[in-house]
> 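Could you have a look at this structure, given as structure tokens, before my questions?
Reckoned from all heavy atoms, side chains included, excluding hydrogens, waters and symmetry mates. Every number for a ligand or one of its atoms is a count from 1 in the order of the listing.
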Amino acid sequence: MEVVPLKIMISGAPASGKGTQCEFIKSKYGLVHIAAGDLLRAEIASGSENGKRAKEYMEKGELVPDEIVVMMVKHRLIQMDVQENGWLLDGYPRSVSQATALEELHIRPDLFILLDVSEEILVERVVGRRLDPVTGKIYHLKYSPPENEEIAARLTQRFDDTEEKVKLRLVTYHKNLESVISIYNDVIVKVDGSLPKEEVFERIDAILSALRQKKLKTESTSSVAAGVAH
Ligand code: AP5
């Protein structure tokens, strides 16, 4: 399959399924997955000062200050693998200032996917989520249970995955949503994220395939035009 470096943002409330859909998208489209939350958790695990500060905000369900997050994401976005394969930005930008920082670098997505899921479903998903520290795979005790006892025994839970903390994360999410989506209005597509994960991906896949075809066509038209001009 020809590589078309797509530029995709995926957004949605806590536990709406961003990470789960990114796994599907990454394996089919070869995009580089950049998840702001994962970068922050890696920083915490490294024991750095930035990590310690970030954790204080994450514990409260608040946004980590820009001076920590913006540099982290910008640094990742300019790497060669991202330029060559395209990017899939998960959970970023979450505020106008973060979006503006990208605009200043002329970084705009081809598509902004917004996963739409109701609040009762989100709480159930957060509380049942488990992570495999060995493979990084996301599980859910009810909806995506581990394949065997060995995996089940090593699963961990995120420190902010409690009912109490997800409610705080939701408040932060709703406070910032409108202002962020207003910046990407021309490229937004809303997808029903309450369906089973495979069905959610079917919808996203149809949208991304059409986008890839369109980009391929545009690129071949412009290379023909460049050839004629020579
Ligand atoms: P982050 O790690 O990004 O958390 P989040 O936005 O709250 O999103 P989640 O990772 O919780 O959920 P998800 O949508 O990826 O869902 P998943 O696929 O895992 O951010 C954490 C914190 O870091 C923030 O609160 C903030 O403090 C800070 N932060 C992050 N980005 C920042 C930024 N840009 N600026 C400042 N601070 C920032 O699925 C959830 C569960 O549901 C899983 O168990 C999964 O198996 C299950 N599931 C998924 N899809 C389905 C489905 N269709 N049907 C049934 N179950 C499903």
> Kindly compute the distance separating CG (Leu77) from CH2 (Trp87), expressed to the nearest 0.5 Å.
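These two atoms lie 6.5 Å from each other.
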> Are Lys55 and Phe159 in a cation-pi contact, defined as NZ or CZ under 6.0 Å from the six-membered ring centre and within 45° of the axis?
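Yes, Lys55 lies over the aromatic ring of Phe159.
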> Check the pair Tyr139 / Ile151 against side-chain contact (heavy atoms from CB on, under 4.5 Å), numbers first and verdict last.
CA-CA 10 Å; Tyr139 289 94; Ile151 298 174; 3.7 Å; yes
> Do Thr172 and Glu62 have a side chain donor and acceptor closer than 3.5 Å?
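The criterion, which ignores hydrogens and geometry beyond distance, is not satisfied for Glu62 and Thr172.
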> Counting only N and O atoms by type, is there a donor-acceptor contact under 3.5 Å from the side chain of Asn85 to the main-chain atoms of Asp81?
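At least one qualifying donor-acceptor pair exists.
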> For ligand 1, what is the set of protein residues having any non-hydrogen atom at a distance below 4.0 Å?
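For ligand 1, the contacting residues are Ala13, Pro14, Ala15, Ser16, Gly17, Lys18, Gly19, Thr20, Ala36, Gly37, Leu40, Arg41, Met58, Glu62, Leu63, Val64, Val69, Gly91, Tyr92, Arg94, Gln98, Arg125, Arg129, Ile138, Tyr139, His140, Tyr143, Ser144, Arg158, Asp160, Arg169, Gly193, Leu195, Pro196, Lys197.
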> Just do the salt bridge (Lys or Arg N to Asp or Glu O under 4.0 Å) check on Lys167 and Glu164 with the steps written out, would you?
CA-CA 6 Å; Lys167 294 212 162 127; Glu164 181 203 5; over 6 Å; no
